[in-house]
Asks: 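I have a structure I would like to understand better, so I am pasting it below and will then ask my questions one at a time.
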Amino acid sequence: MTAAAVGYLQLLRQNPDFRRLWLAEVVSYLGDWFNTIALFTAVAALSGRTEAMSAVFVAKMLPVFFMTPVAGPLIDRFDRKKLLVATDLARAVAALGLVVAYRLGSIELLVAILFVMVAFSGIFIPAKNSVLPQITSEGELGTANALSAGTWSVMLAFGAALGGLVTGVVGVEAALVIDAATFVLSALLLVPLPVLVAERREHSDRSFRAGLRYLRDHPRVASSLCIKPLMALAGGGVAMLPVFGTRVFPGHSGPTWMGLLYAARGLGALVGSLVVRRILGDASPLMRRAIAPGFLVVALAYLGLGQAQSIWQAAAGYFATTVGSGMLWTYSSTLAGRESDNEVRGRIFALEFGALTLTMAIAAGIAGALVDRAGWAVRSIASATGVVLLLPAILWLVLLPWLERSAPEVPVVEPE
C-alpha cells in the first residue's frame, strides 16, 4: 500500500506535535547562528590565529562524539521529550557562561564552556531525529525531514545575517544572551509534546553494543547513516568560512561579511533540502541514486571556492556547497528513518551524529594546522576539500547496485 506524501503547510496544519517541534527548531536555530557569529568574532578579537578559530570549530563538534555511547542508550531508554527539554535548559545556562568567559578574556574558558554546551547538543539532536518518525506518518516523514533541513537553512541564512549585524552593532555579549533566551523559549515550546518513549520489547538489549549489532545486521540502514559522516569530510572547507570572512578579502572583513557567507550557506541548503526534494520527490530508489550526484555537486563547489577572488565569489561557492549537502542531509535522514526500528533509533542516530562531528572536527583541526603551521593558503584548503569529496561520490556509485538489490522499497506517492 502506498503512502501519499503531504505538503509543507498541510503537515504544519494537521500535525500539532510536529508543529511544536518545528517552532522549537526555528527559535533554537536562530540562537545557534547568533552564537556562532558571536563566538568567531570573539576569537578573532582575542586571537588572530587560524588555529584558534579551528579550536572553536572543533569544540562545536567533537563533544558530540564523546557523548555518543551515552546519548544513544539514554534516548532509547527514557522519555525523549524530557531529554529535549532538559538539554535545552542546560544549553541556556552554558550560553550565559560564555558571556562570563568572554568578559574574562579567556579563550581557554570559552572553549571549555562551549565543549560542555555542545555535549548537551549531542543528546538533543539525535533525540530530535529519533522523535521525528514517532510523531509523523510514513507519508509525512519525507516532508518533515525536508522541512526540518529547510528550517536549518532559512535560519542559517537569516540568523547568520542578523547575528552578524547584531554582533557588529551591540557586541558579542548581547548575541550570546539572545542565544540563551532562544534555548529557554525552545524548551517551553516542547513541554506540551506527549510522552515519547521507544517501544519496549521483552528482554530487549538497550546497550550501545546492541545498536552496533543492529547496524551490522542491517547494512542498508548503516549505508544511509554513513552519508552524513562522509559529508563531514568537508569540515576543513567549512572551518575556513570565518577566515574567508575576516582575513582573506581586504575591505570585506568582519562579522557582517562573515554573516554574509553563512547566509549564503543557508540559502544553498534551502535550495538543496526543499527545492530539490520538491523536484525529485520522495521515492527511495530515486533518493539513493541522487546521493553520488549530491557529493559531486559539493566537491565541484569547493573546487570553485578555491578559486574565489572576491567575497561575492566566496559566497557563491559556499552557496553551491550546501545545495549538494542540503540534499544529502534530507535524503539520508529520510532513508534512515524509513528503514530503521524505533527501538534503536536513539542509538543509531547518536552514532551517526557522533561520527559526523568527529570527522568534521578532525578535518577542521587538520585544516587549521595546515594554514598556521604548514603555510597553506585558505583557498588551497577549499580546493583540497573538493578533491577529498570526490571519494564518497565514487564509493556510493560502487555500492549503489548492491543497495538497490538488497531490500524491497517503500513506495511514496508525491502530492498533486
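The analysis underlying the following values was restricted to heavy atoms, covering all of them including side chains, and did not include hydrogens, waters or symmetry mates. Computed from a predicted model, the values in this text were never measured in an experiment. Just so you know, residue 1 is the first one in the sequence shown, and it goes up from there.
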Asks: Decide yes or no on side chain to side chain contact (heavy atoms under 4.5 Å, CB included) for Met117 and Leu98, but give the supporting numbers first.
Replies: CA-CA 9 Å; Met117 182 179 182; Leu98 293 174; 3.9 Å; yes
Asks: If you apply the rule side-chain hydrogen bond (donor to acceptor under 3.5 Å, both in side chains), what do you find for Ser273 with Trp329, and how did you get there?
Replies: CA-CA 8 Å; Ser273 58; Trp329 188 281; over 6 Å; no
Asks: Do Met287 and Met327 pass the side chain to side chain contact (heavy atoms under 4.5 Å, CB included) test, and can you show the C-alpha distance, the side-chain angles, and the key distance before you say yes or no?
Replies: CA-CA 9 Å; Met287 286 193 289; Met327 180 179 72; over 6 Å; no
Asks: Using side-chain hydrogen bond (donor to acceptor under 3.5 Å, both in side chains), reason through Ser333 and Lys228 one step at a time and then give a plain yes or no.
Replies: CA-CA 9 Å; Ser333 296; Lys228 289 174 189 171; 2.5 Å; yes
Asks: To the nearest 0.5 Å, tell me how far Phe18 CZ sits from Thr143 OG1.
Replies: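 Going from CZ on Phe18 over to OG1 on Thr143, the span is 8.5 Å.
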Asks: Taking the side chain as every heavy atom from C-beta outward, state whether Leu280 and Tyr331 have any pair of such atoms under 4.5 Å apart.
Replies: yes
Asks: I'd like to check Asp76 versus Glu343 (side-chain heavy atoms, cut-off strictly below 4.5 Å). Are they in contact?
Replies: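 No. Closest side-chain heavy atoms not under 4.5 Å.
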Asks: Given 3.5 Å as the limit, does a donor-acceptor pair link the side chain of Thr385 with the main chain of Ile381, or not?
Replies: yes
Asks: Return the minimal non-hydrogen interatomic distance between Ala144 and Thr136, and the atom names on each side.
Replies: CB-CG2, 3.9 Å
Asks: Does one side chain, of Thr151 or Trp22, offer a donor that lies under 3.5 Å from an acceptor on the other?
Replies: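 Indeed, the side chains of Thr151 and Trp22 share at least one donor-acceptor pair under 3.5 Å.
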Asks: Is it true that a side-chain atom of Asn35 and a backbone atom of Ala95 form a donor plus acceptor pair closer than 3.5 Å?
Replies: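 Absent.
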Asks: I'd like to check Lys128 versus Glu25 (side-chain heavy atoms, cut-off strictly below 4.5 Å). Are they in contact?
Replies: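 Touching, per the 4.5 Å side-chain cut-off.
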Asks: Is any side-chain heavy atom of Leu190 closer than 4.5 Å to one of Arg20?
Replies: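 No, every pair of side-chain atoms sits at 4.5 Å or beyond.
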Asks: Would you check, one step at a time, whether the test side-chain hydrogen bond (donor to acceptor under 3.5 Å, both in side chains) holds for Ser340 with Arg345?
Replies: CA-CA 7 Å; Ser340 61; Arg345 283 194 189 119; 3.1 Å; yes
Asks: So, for Val221 and Ile348, which heavy atoms are closest and what is the spacing to 0.1 Å?
Replies: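 Heavy atoms only, the tightest pair is CG1-CD1, 4.1 Å.
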Asks: To the nearest 0.5 Å, what is the distance between CD1 (Ile291) and CG (Leu286)?
Replies: 10.0 Å
Asks: Looking at every heavy atom in both Tyr302 and Leu389, which two are closest together, and how far apart are they?
Replies: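 Tyr302 and Leu389 have their closest heavy atoms at CD1-CD1, 3.9 Å.
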Asks: Take Gln14 and Glu140, measure what side-chain hydrogen bond (donor to acceptor under 3.5 Å, both in side chains) needs, and give me the verdict at the end.
Replies: CA-CA 10 Å; Gln14 72 184 23; Glu140 292 174 332; 2.8 Å; yes
Asks: Looking at every heavy atom in both Glu339 and Ser224, which two are closest together, and how far apart are they?
Replies: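 Closest approach of Glu339 to Ser224, heavy atoms only: OE1-OG, 3.8 Å.
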Asks: May I ask you to decide if Ala210's main-chain N or O and Ser207's side chain share a donor-acceptor pair within less than 3.5 Å?
Replies: yes
Asks: Looking at Ser121 and Phe124, would you say the former's side chain and the latter's main chain have a donor-acceptor pair under 3.5 Å?
Replies: no
Asks: Quick one: CG on Leu225 to CZ on Arg220, what's the gap to the nearest 0.5 Å?
Replies: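 These two atoms lie 13.0 Å from each other.
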Asks: Are any of the side-chain heavy atoms of Gln134 and Asn342 separated by less than 4.5 Å?
Replies: yes
Asks: Looking at Phe319, I want to see if its CZ is surrounded by more than 12 non-hydrogen atoms of other residues, nucleotides or ligands under 6.0 Å.
Replies: yes
Asks: If you define the side chain from C-beta out and look only at heavy atoms, does anything of Ser383 sit under 4.5 Å from Gln307?
Replies: yes
Asks: Give me the one residue out of Leu300, Leu328, Leu390, Leu233 that meets side chain to side chain contact (heavy atoms under 4.5 Å, CB included) with Phe295.
Replies: Leu328
Asks: Heavy atoms only: give me the nearest Thr68-Leu351 pair and the separation to one decimal.
Replies: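 It is CG2-CA, 3.5 Å.
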Asks: First locate atom OG of Ser223, then atom CZ of Arg288, and finally report the distance between them rounded to the nearest 0.5 Å.
Replies: 6.5 Å
Asks: Report the C-alpha separation of Val70 and Phe208 in whole Å, then their side-chain angles, then the decisive distance to 0.1 Å, and conclude whether the side chain to side chain contact (heavy atoms under 4.5 Å, CB included) test is met.
Replies: CA-CA 8 Å; Val70 177; Phe208 184 68; over 6 Å; no
Asks: How many angstroms lie between CG in Leu215 and CZ in Arg213, if you round to the nearest 0.5 Å?
Replies: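 It comes to 11.5 Å.
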Asks: Side chains of Val238 and Arg265, heavy atoms from C-beta outward: is any pair under 4.5 Å?
Replies: yes
Asks: Which residues pass the side-chain contact (heavy atoms from CB on, under 4.5 Å) test with Ala187, sequence neighbours left out?
Replies: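 Per chain and number, Ala187 pairs via side-chain contact (heavy atoms from CB on, under 4.5 Å) with Val85, Asp88, Leu89.
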Asks: Quick check: do Phe183 and Ser28 have side-chain heavy atoms less than 4.5 Å from each other?
Replies: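 The answer is yes; the side chains approach within 4.5 Å.
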Asks: Below 30° counts as parallel, above 60° as perpendicular, anything between as tilted: where do the rings of Phe244 and Tyr318 land?
Replies: perpendicular
Asks: If you round to the nearest 0.5 Å, how far is CG of Leu84 from CG of Leu196?
Replies: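 One finds 8.0 Å between CG of Leu196 and CG of Leu84.
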Asks: So, for Ala367 and Gly236, which heavy atoms are closest and what is the spacing to 0.1 Å?
Replies: CB-CA, 3.6 Å
Asks: Could you go step by step and tell me if Val172 and Leu176 meet the side chain to side chain contact (heavy atoms under 4.5 Å, CB included) rule?
Replies: CA-CA 6 Å; Val172 168; Leu176 293 174; 3.9 Å; yes
